[in-house]
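Because the structure is a prediction, the values reported are computed rather than measured.
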Amino acid sequence: MNVRQRDRKDIFRVMDEEIVSSSREDARSRRYLLPRRILWTEGCVENSQVLLEERELQISLAAHNPCVMKSTDGRKASILLDYGVEIHGGIRILAWSDSTDRGAKVRIRFGESASEAMSEPGGETNSTNDHARRDIRAEVGMMSMNQIGESGFRFVRIDLEEPEAVLTLKSVWAVLIYKEVPYRGSFECSDALLNRIWDVGAYTVHLNMQEYIWDGIKRDRLVWVGDMHPEITTIKAVFGEDSSVERSLDFIREETPLPGWMNGMASYSMWYVIIVYDWYLYMGRKEFLAKQRDYLAGLTEQLSAHIDENGKDTVTEGRFLDWPSEGKDAVVDAGVQALHIWAVRSLEKIFEVLGEEELADKCRQDLERLAGFSADYEDSKQAAALLVLTGQEDPVKVNDSLLRQGGARGMSTFMGYYILTARAMAGDYEGCLACIREYWGGMLKLGATTFWEDFDVEWLENASGIDELPEEGKVDVHASYGGFCYRGHRHSFCHGWASGATPWLSENVLGIKILEPGCRKVKIEPHLGDLEWAKGSYPTPYGEIFVSHTKKEDGTIATRVEAPEEVEITL
């Protein structure tokens, strides 16, 4: 240790400089949660209720009032714990003793639903350990209190594996691992269900804001850049600036040198461009765009080369829109055509900001070519909505003929925000609020505490709640539904792309729209629909905007606004 290291007054005092310089800080915090319910036991499990009691997080010599699990007569002792809310993390088992010298062998199964925690791997229900191990065999030693596992879960099943074994427990705490960031944005209105939906959408994204922005905390703990757009839209409305956004964008750009498409999908490179411009519009930092300049210039040439003489997008690699659209070629073509237009329009604005007139002009020429092609969205609300957002279709006509038809039927978790936004462009705010209650409220009816990778309102029929063991004669939603890569229990029940109702409520009910980069100019135009009042806040780089709207007897809205002095408000 050199003199400089000796002068340190922190934990790195005894380490050499090379160790210190190569270390990385974990930006996340942890908190310990008690189970809320004992949902099920089997075999000999004595005094299980003590696991619901608050006890010290330190093991001791003496076993005071323990929970005792005994495997006798060939029957395993098992218990299913419910922690009351989905979290990201693991569990910490505090064990006093076991019946062997080497430790008791246990099997631990995490589940986003009660049925997943009770499931075996594979088979018809398709439980997996992909991305994060949620089915673990371990040994719990005498006087131990180690953390086991890291996944997304609400339920934990513990089985004592060996015959004639005994395990004496003090506590089984859940370890919540999360990024401690303030909720600067808020939303409250005269409908308690909408308030709950806003909160759950914010919480869903918060759990996925780890060192990077993930898709899901159980499965797809990856930076899927296309899926990030709804998440970043939520982050803007709830948290404001966060390092995970640009860290994720830098990561995927550096991981994907041109001519590669991000995540192997051309549509995701388009989403990347859209995110970059939207984040610039929110933050207002030109240097953020300048860092992207060379990459975006190359991507502009690459996208331009994939427009045919009719103006049709011709990319063949990774033509992905969303899961419900898979296998519908015309629908995917229409959706990707809209994304291509949206991306090139974003590129045009980026190059204008950077003073790159030649590149901006190339984008204008490409936009003119792309706009000349008429895409057929068939019966797809997703593709139709994107074409409305990019100015290719009339919002009123599309809303009347398709988007408002069937209520929440045909909705998509990934595309929910865009479908709602297209309907709002047609002035159908009451229809949007009804759809939010039916669709996102439908997940809450089934016991959700976070929003899912996929959902169909038809799943509500004769369904057991995910927070209970499946009832005889009813459908086990988690085990029975889902397709493609998310069949059965592999289905993620905490997917950030499903949070779209949260920013939509902030942008449309509170009426907050950013007009100039850095939120230097913001428009407030509330649409209460069938609500009596709404209030909330929206974070900007200069502080929060606070708004309050009340519907008067004549149907007009009384509005109060407080904003940082750097932000110009237009009503």
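A side-chain donor from one of S29 and E180 sits under 3.5 Å from a side-chain acceptor of the other. Using a 3.5 Å distance cut-off with no hydrogens or angles, the side chains of Y481 and E458 do not pair a donor with an acceptor. Between the side chains of R221 and Q210, no donor-acceptor pair is found at a separation under 3.5 Å. Between the side chains of Y417 and E507, at least one donor-acceptor pair of N or O atoms lies under 3.5 Å.
Taking the six-membered ring for Trp and thresholds of 30 and 60 degrees, W323 and Y486 have ring planes inclined between 30 and 60 degrees apart. Using the six-membered ring where Trp is involved, F414 and Y418 have ring planes that are perpendicular, over 60° apart on the 30 and 60° scheme. Between W497 and F320, the angle of the ring planes stays under 30°, which puts this pair in the parallel group of the 30/60° scheme. In this structure, W459 and H491 have perpendicular ring planes: the angle between them is above 60°, well past the 30° mark.
Listed by chain and number, the residues in a salt bridge (charged side-chain N to carboxylate O under 4.0 Å, His left out) with D135 are R107 (sequence neighbours excluded).
In this structure, the side chain of R55 engages the main chain of K170 through a donor-acceptor pair within 3.5 Å. Judged purely by atom type and a 3.5 angstrom limit, R219 uses its side chain to pair as donor or acceptor with the backbone of R490. A side-chain donor-acceptor contact under 3.5 Å links K381 to the backbone of R409. For the pair D476 (side chain) and S464 (backbone), a donor-acceptor distance under 3.5 Å is absent. Put simply, the side chain of S71 gets close to the backbone of A77: a donor and an acceptor are under 3.5 Å apart. One N or O on the side chain of S269 and one on the backbone of M262 form a donor-acceptor pair closer than 3.5 Å. Although no hydrogens or angles enter the test, the distance criterion places a donor-acceptor pair under 3.5 Å between the side chain of H88 and the main chain of I177. Proximity of a side-chain donor or acceptor of N508 to a complementary backbone N or O of W504 within less than 3.5 Å is detected. The backbone N or O of K76 lies less than 3.5 Å from no partner atom in the side chain of D159, so there is not a single donor-acceptor pair. Listed for the R92 side chain is a donor-acceptor partner under 3.5 Å among the backbone atoms of M145.
More than 12 heavy atoms of other residues, nucleotides or ligands shown are found within 6.0 angstrom of CZ on R37. At most 12 heavy atoms of other shown residues, nucleotides or ligands fall within 6.0 angstrom of atom CZ in R31. Counted within 6.0 Å of NZ on K179, heavy atoms from surrounding residues, nucleotides or ligands total more than 12; the atom is thus considered enclosed. E56 CD: 12 or fewer foreign heavy atoms inside a 6.0 Å radius.
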- Task: Check the pair E378 / K328 against salt bridge (charged side-chain N to carboxylate O under 4.0 Å, His left out), numbers first and verdict last.
- Result: CA-CA 10 Å; E378 296 186 344; K328 303 175 183 178; over 6 Å; no
- Determine, stepwise, if the pair E468 / K474 fulfils salt bridge (charged side-chain N to carboxylate O under 4.0 Å, His left out). CA-CA 12 Å; E468 300 289 348; K474 288 199 170 185; over 6 Å; no
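Checking W452, F110, F451, F455 one by one against F493, the ring pair (Phe, Tyr, Trp, His ring centres under 6.0 Å) holds for a single residue, W452. Considering E46, E162, E42 as possible partners of K70, the one that fulfils the salt bridge (Lys or Arg N to Asp or Glu O under 4.0 Å) test is E46. Tested against K236, the residues D278, V245, L281, D242 include a single side chain to side chain contact (heavy atoms under 4.5 Å, CB included) partner, D278.
In this structure, R247 satisfies the cation-pi test against Y212, with its NZ or CZ atom closer than 6.0 Å to the six-membered ring centre and inside 45 degrees of the ring normal.
Aromatic ring centres of H229 and W342: separated by under 6.0 Å. For an aromatic pair to be called close, the ring centres must be under 6.0 Å apart, and F239 with Y183 satisfies this.
D250 and K291 are joined by a salt bridge, as a carboxylate oxygen and a charged side-chain nitrogen come within less than 4.0 angstrom of each other. Salt-bridge annotation for E116 and R154: absent, with no side-chain N of the basic residue lying under 4.0 Å from a carboxylate O of the acidic one.
The two residues A384 and L403 make their nearest non-hydrogen contact at CB-CD2, 4.4 Å. Of all non-hydrogen atoms in G335 and A383, the two that sit nearest each other are N-CB, 3.9 Å. Residues A165 and L160 share a closest heavy-atom pair of O-CD2, 3.4 Å. The two residues E438 and A408 have their closest heavy-atom pair at OE1-N, 3.1 Å.
By the 4.5 Å heavy-atom criterion applied to side chains, R437 and L194 are counted as neighbours. Using a 4.5 Å heavy-atom threshold, the side chains of V45 and S78 count as separate.
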